[in-house]
Amino acid sequence: MSERRSPARIGWVVDAQVDFMDPDGRLYVRDLGDPTDPGARRIEGSLRDAVAWMRAQCDVVVFTGDWHGYEDEEIDPDAPDPAAGTYPPHCMGRSSDPDERAGAEIVASIRPSDPVVLGVDATPDDARRAARSAVLDGREVFVRKTRFDVFEGNPVTERFLEALGEALGRPLTFVVAGVARDVCVTQAVDGLLARRYGVTALRDATWGLGLEAEDATLARWRGAGGRVVSVTDLPRP
């Protein structure tokens with residue numbers, strides 16, 4: 001009888017980009033219905049700690065990020081409506097304007113130095129190469145996407161995860177942090193859980209837009225089989 005293999009641990013950092021994390025960003029993450037909400041700056045320290053833990057304790061660390069152009073369905077410069085899933089221009093990685101492009105970068109405090117980039121036009125071969133480089137060369141990965149849902153916004157996300165499992169030779173489990181909790185993070189967590197991956201979400205390393213109550217989001221994740229913990233609860237060597 002073969003020995004049961006422990007899962008490979010993947011750090012998954014959702015959209016920790018300048019436009020979302022910086023109070024001066026184009027779509028700073030804060031409760032849209034509460035003008036007193038301090039927003040995502042409240043999790044800066046926890047997010048740094050989470051990523052430091054991932055770099056020390058995870059087999060692979062993956063960053064995701066919006067990488068928009070003006071043609072994307074979720075971008076509406078004139079009449080954005082978050083309730084309908086449209087927002088003003090943000091994370092414009094495909095813009096010709098360098099100032100706009102700068103808002104798409106991962107914040108400096110946790111920015112990967114030499115990531116493998118899985119672009120919005122990536123192919124299945126690109127996904128396999130990215131997974132192999134992440135495992136064999138120890139490089140972090142930056143998955144760029146055109147939609148908030150990473151499984152819809154990058155055509156090879158699913159193939160990339162399959163290739164990671166193949167390269168690591170073990171099933172995968174994910175530790176997830178980032179923003180916005182009630183948009184991109186929940187779509188990532190929901191998508192991973194729906195694909196039967198193990199997921200641990202870090203409640204104090206996420207922040208939301210107030211589109212769904214935090215308690216409701218966390219309860220839904222738990223109900224679908226996920227774990228919700230604080231950064232200080234993560235296992236240490």
Please step through side chain to side chain contact (heavy atoms under 4.5 Å, CB included) for the pair D22 and V107, ending with a clear verdict.
CA-CA 8 Å; D22 188 323; V107 290; 5.8 Å; no

Show your reasoning for whether side chain to side chain donor-acceptor pair (under 3.5 Å) applies to S95 and D97.
CA-CA 5 Å; S95 170; D97 183 334; 5.4 Å; no

V175 and R9: side chain to side chain contact (heavy atoms under 4.5 Å, CB included), yes or no, with the steps?
CA-CA 7 Å; V175 180; R9 192 183 278 155; 4.2 Å; yes

Evaluate side chain to side chain contact (heavy atoms under 4.5 Å, CB included) for C91 paired with F20, printing each intermediate quantity in order.
CA-CA 8 Å; C91 299; F20 293 137; 3.5 Å; yes

Stepwise side chain to side chain contact (heavy atoms under 4.5 Å, CB included) test for M21 and Y28
CA-CA 6 Å; M21 295 293 301; Y28 179 54; 5.8 Å; no

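Only one option out of D149, N154, V150 pairs with E152 in a side-chain contact (heavy atoms from CB on, under 4.5 Å); it is D149. Across F174, F63, Y197, F142, a single residue satisfies ring pair (Phe, Tyr, Trp, His ring centres under 6.0 Å) together with W12, and that is F174. D66 pairs in a salt bridge (charged side-chain N to carboxylate O under 4.0 Å, His left out) with only one of the listed residues (K145, R101, R147), which is K145.
Between E73 atom CD and H68 atom NE2 the span is 11.0 Å, to the nearest 0.5 Å. A distance of 11.5 Å separates CG in L168 from CZ in R132, rounded to the nearest 0.5 Å. Taken from OG1 in T200 to CG in L192, the straight-line distance is 11.0 Å, to the nearest 0.5 Å. Between R203 atom CZ and E214 atom CD the span is 5.0 Å, to the nearest 0.5 Å. Taking CG of D34 as the reference point, atom OG1 of T36 lies at 3.5 Å (rounded to 0.5 Å). Here R220 contributes atom CZ and L193 contributes atom CG; the two are 9.5 Å apart, rounded to the nearest 0.5 Å.
Salt bridge annotation for R94-E71: present, with a cationic side-chain nitrogen under 4.0 angstrom from a carboxylate oxygen. Between E162 and R159 there is a salt bridge, since a side-chain N of the basic residue sits under 4.0 Å from a carboxylate O of the acidic one. Taking the charged nitrogens against the carboxylate oxygens, R170 and D59 do have a contact shorter than 4.0 Å, which makes a salt bridge.
The two residues V60 and A134 make their nearest non-hydrogen contact at CG1-CB, 3.9 Å. Closest approach of T86 and D81 over heavy atoms only: OG1-N, 2.8 Å.
The shortest distance between side-chain heavy atoms of T206 and V179 does not fall below 4.5 Å. For the pair F151/L161, a side-chain contact is recorded, criterion being any heavy-atom separation below 4.5 Å from C-beta on. In this structure the side chain of I10 reaches within 4.5 angstrom of the side chain of L164, judged on heavy atoms. Considering only heavy atoms from C-beta on, V14 stays 4.5 Å or farther from Q187 through its side chain. Proximity of D76 to P88: side-chain heavy atoms (C-beta onward) are nowhere separated by under 4.5 Å. Residues V176 and L202 fail the side-chain proximity criterion, which asks for heavy atoms closer than 4.5 Å. Contact of the D15 side chain with the V29 side chain is not registered, since no non-hydrogen atoms from C-beta on lie closer than 4.5 Å. Between T157 and V143, some side-chain heavy-atom pair lies under the 4.5 Å cut-off.
Around atom CZ of R55, more than 12 heavy atoms belonging to other residues, nucleotides or ligands sit under 6.0 Å away. In the displayed structure, R236 atom CZ is contacted under 6.0 Å by more than 12 heavy atoms of other residues, nucleotides or ligands. Around the CZ atom of R42, the shell of radius 6.0 Å holds no more than 12 heavy atoms that belong to other residues, nucleotides or ligands.
For the residue pair E212/T217, the side-chain donor-acceptor check at 3.5 Å is satisfied. Between the side chains of S46 and D49, no donor N or O sits under 3.5 Å from an acceptor N or O. Between the side chains of D37 and W207, at least one donor N or O lies within less than 3.5 Å of an accepting N or O. Looking only at atom types and distance, the side chain of D137 has a donor-acceptor partner in the side chain of S133 under 3.5 Å away.
Listed for the R222 side chain is no donor-acceptor partner under 3.5 Å among the backbone atoms of R227. The backbone N or O of D233 lies less than 3.5 Å from no partner atom in the side chain of S230, so there is not a single donor-acceptor pair. In this structure, D182 contributes its side chain and L211 its backbone to a donor-acceptor pair below 3.5 Å.
Taking the ring centre of Y87 as origin, the terminal cationic atom of R26 falls outside the region bounded by 6.0 Å and 45° from the ring axis.
A ring-centre distance under 6.0 Å is found for H90 and F148.
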